[in-house]
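Structure record follows, encoded as structure tokens.
Order of the sequence lines fixes the chain letters, A, B, ..., with proteins taken first and strands second; residue numbering starts at 1 for each chain.
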Protein chains: 2
Amino acid sequence: MKSTGDPAPKLRLLRAAAALLAESDGASVSTRQITEAAKVTAPTLYHHFGDKEGLFDAVVAEGFAEYLAAERSIPASGQPIEDLRRHWDNHVQFGLDHPQLYLVMFGNIRPERRPSTVATAEAFLEEVLRRAAAASRLVVTPHEAARSILAANIGVTLMLISETAEKRSLELSVMTREAVLSAVATDSEADPVTDTEGTPAVVVAAIALNAALQSSHPDQLSGPELKLFLEWLHRISSRSGS
Amino acid sequence: MKSTGDPAPKLRLLRAAAALLAESDGASVSTRQITEAAKVTAPTLYHHFGDKEGLFDAVVAEGFAEYLAAERSIPASGQPIEDLRRHWDNHVQFGLDHPQLYLVMFGNIRPERRPSTVATAEAFLEEVLRRAAAASRLVVTPHEAARSILAANIGVTLMLISETAEKRSLELSVMTREAVLSAVATDSEADPVTDTEGTPAVVVAAIALNAALQSSHPDQLSGPELKLFLEWLHRISSRSGS
DNA sequence: TAGCACCTATAACGGCGCTATATGAAGTGG
DNA sequence: CCACTTCATATAGCGCCGTTATAGGTGCTA
């Protein structure tokens, strides 16, 4: 066996491909760029990966492993719905951290290349949802819930990726997340305010109020008052500190 | 002027490109295939479209025009929410009818190529939502609602496209549609809090935020700030009856 | 008829994914 | 120490791709 671990060129190819993919803003990366960056000649690439697609499959597999590791690192707190929120946010964050990789993983979807990524993510999410179902929090089957949540999660992430970093606002994510979750599960008991430090209910309410104020300006507040009020509202809704 | 309408080669190129794109299951289409199918030589393509990308842009523009025409053909019934459902379903249907075109239009998203498609679709949807807002059915701004709905709509459509036709089930679409819609709008007048005139959404949101703030104080606002904020919040929610 | 846009074709360039073939390095049995 | 096998890397090149410099044809205007 090859117990003497020194697969330098293969690893260099993987790293080079991943780096070039991450840098190239959507443009395609050529095998010549990759082999040159890895200081290797063409046949080496094909010896190890068979194909350009094989190489990128390996890159995607690595990224997907990282994604799954992050997902698995989210512990099962006692509150399944809160767990779902964290998984959603983690998904979005991964997409924003590795946009190019994410596009290959979730945006490119060719009919049957899919299983390795979307299907696995779906299965994992379904597992989390089974815990929610066990806590009698689900209104639909875990399978259906997983598909709906994942679809919306991907849609939101793709939209956020396609926006420039400055215009990007996570309100879209929070809002859509709560929409899908509340349709799929009953959120805890009647008391909407959470007991954890995350306090998403406050954020959601603030966002809703802010949105409502956009379309109808109340006459109870003067102009300057309203301006300051909106600023504070935005401060509240833009992510609770630590 | 070119009043003698006979732009045969340009049209043939467009048609050939569209046909080949629709047939090719995700695989890339070469200019040589296209020019051969259009019975034209290479320079003709570049004379008319400048670029391979320019040609596909034209194809996408045609498909997008068809999409928008279908969207516009949906009349404004008296019920804005029902209209939104129809627009959602039309979006999904277009994606399933022209999967390859749809992937280019909504799945490929390179940072700045986007405007011509997603942004326009978003603007159109926002317009429909403005009608809902005028009927006091919206809980958030039309802009935010449009983004959320469109993101979920795209996510669902991409997921459906990536599935084989037999496993495909529209339950996913209906379920997610209702989830997003019910989070963004109040369906009909079932909600007793909403009276059709005035600005109830603001009041409702203000009350909700106030309730949430009672149990968890955010650290983004200082003590005095929070005090004033709450006072204003109270002023907004206690608006005297019309 | 000459000139002038416009449109199309011939032929080729450089870059791409990929590979037939050869060379080196490392371990094994005689 | 030497064949011999096995794996890993390199040389050189094939055919396809997107693209273009150049030239030829076509029909209108003067």
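- Regarding B:Arg12, its CZ atom lies at a distance of 14 Å from the P atom of C:dC7, rounded to whole Å.
- Note that OG1 of B:Thr41 and NE2 of B:His47 are 11.5 Å apart. Values are rounded to the nearest 0.5 Å.
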Seminar exercise, completed: The contact string for nucleotides 9-18 of chain C, one letter per nucleotide 5' to 3', using protein heavy atoms under 4.0 Å with B, S and - for base, sugar-phosphate only and none, comes out as BB-B---BBB
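- For the pair A:Phe49 CZ and D:dT9 P, the interatomic distance rounds to 11 Å; values are reported in whole Å.
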Problem set entry | Base-pair map of DNA chain C as dot-bracket, where | denotes pairing with a different strand and pairs are Watson-Crick or G-U under 3.5 Å | ||||||||||||||||||||||||||||||
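- Ion pairing between B:Glu62 and B:Arg15 holds under the 4.0 Å rule for side-chain N and carboxylate O.
- Rounded to whole angstrom, the span from the CG atom of A:Leu13 across to the C1' atom of D:dA10 amounts to 14 Å.
- Here B:Ala145 pairs with B:Leu129, B:Leu138, B:Val140, B:Val184 under the side chain to side chain contact (heavy atoms under 4.5 Å, CB included) rule; sequence neighbours left out.
- Residue A:His47 places none of its side-chain N or O atoms closer than 4.0 Å to OP1 or OP2 of D:dT9.
- Contact annotation: B:His48 side-chain N/O to C:dC6 OP1/OP2 distance is not under 4.0 Å.
- Taking A:Tyr46 as the reference, nothing meets the ring-ring contact (aromatic ring centres under 6.0 Å, His included) condition, with sequence neighbours excluded.
- Every residue two or more places apart in sequence or in another chain that forms a side chain to side chain donor-acceptor pair (under 3.5 Å) with B:Ser77 is listed here: B:Asp83.
- A salt bridge links B:Arg85 and B:Glu82; the closest N-O separation between the charged side-chain nitrogens and carboxylate oxygens is under 4.0 Å.
- The ring-ring contact (aromatic ring centres under 6.0 Å, His included) test applied to B:His48 returns no partner, not counting sequence neighbours.
- Checked by atom type and distance alone, the side chain of B:Thr44 never pairs as donor or acceptor with a backbone atom of B:Val40 at under 3.5 Å.
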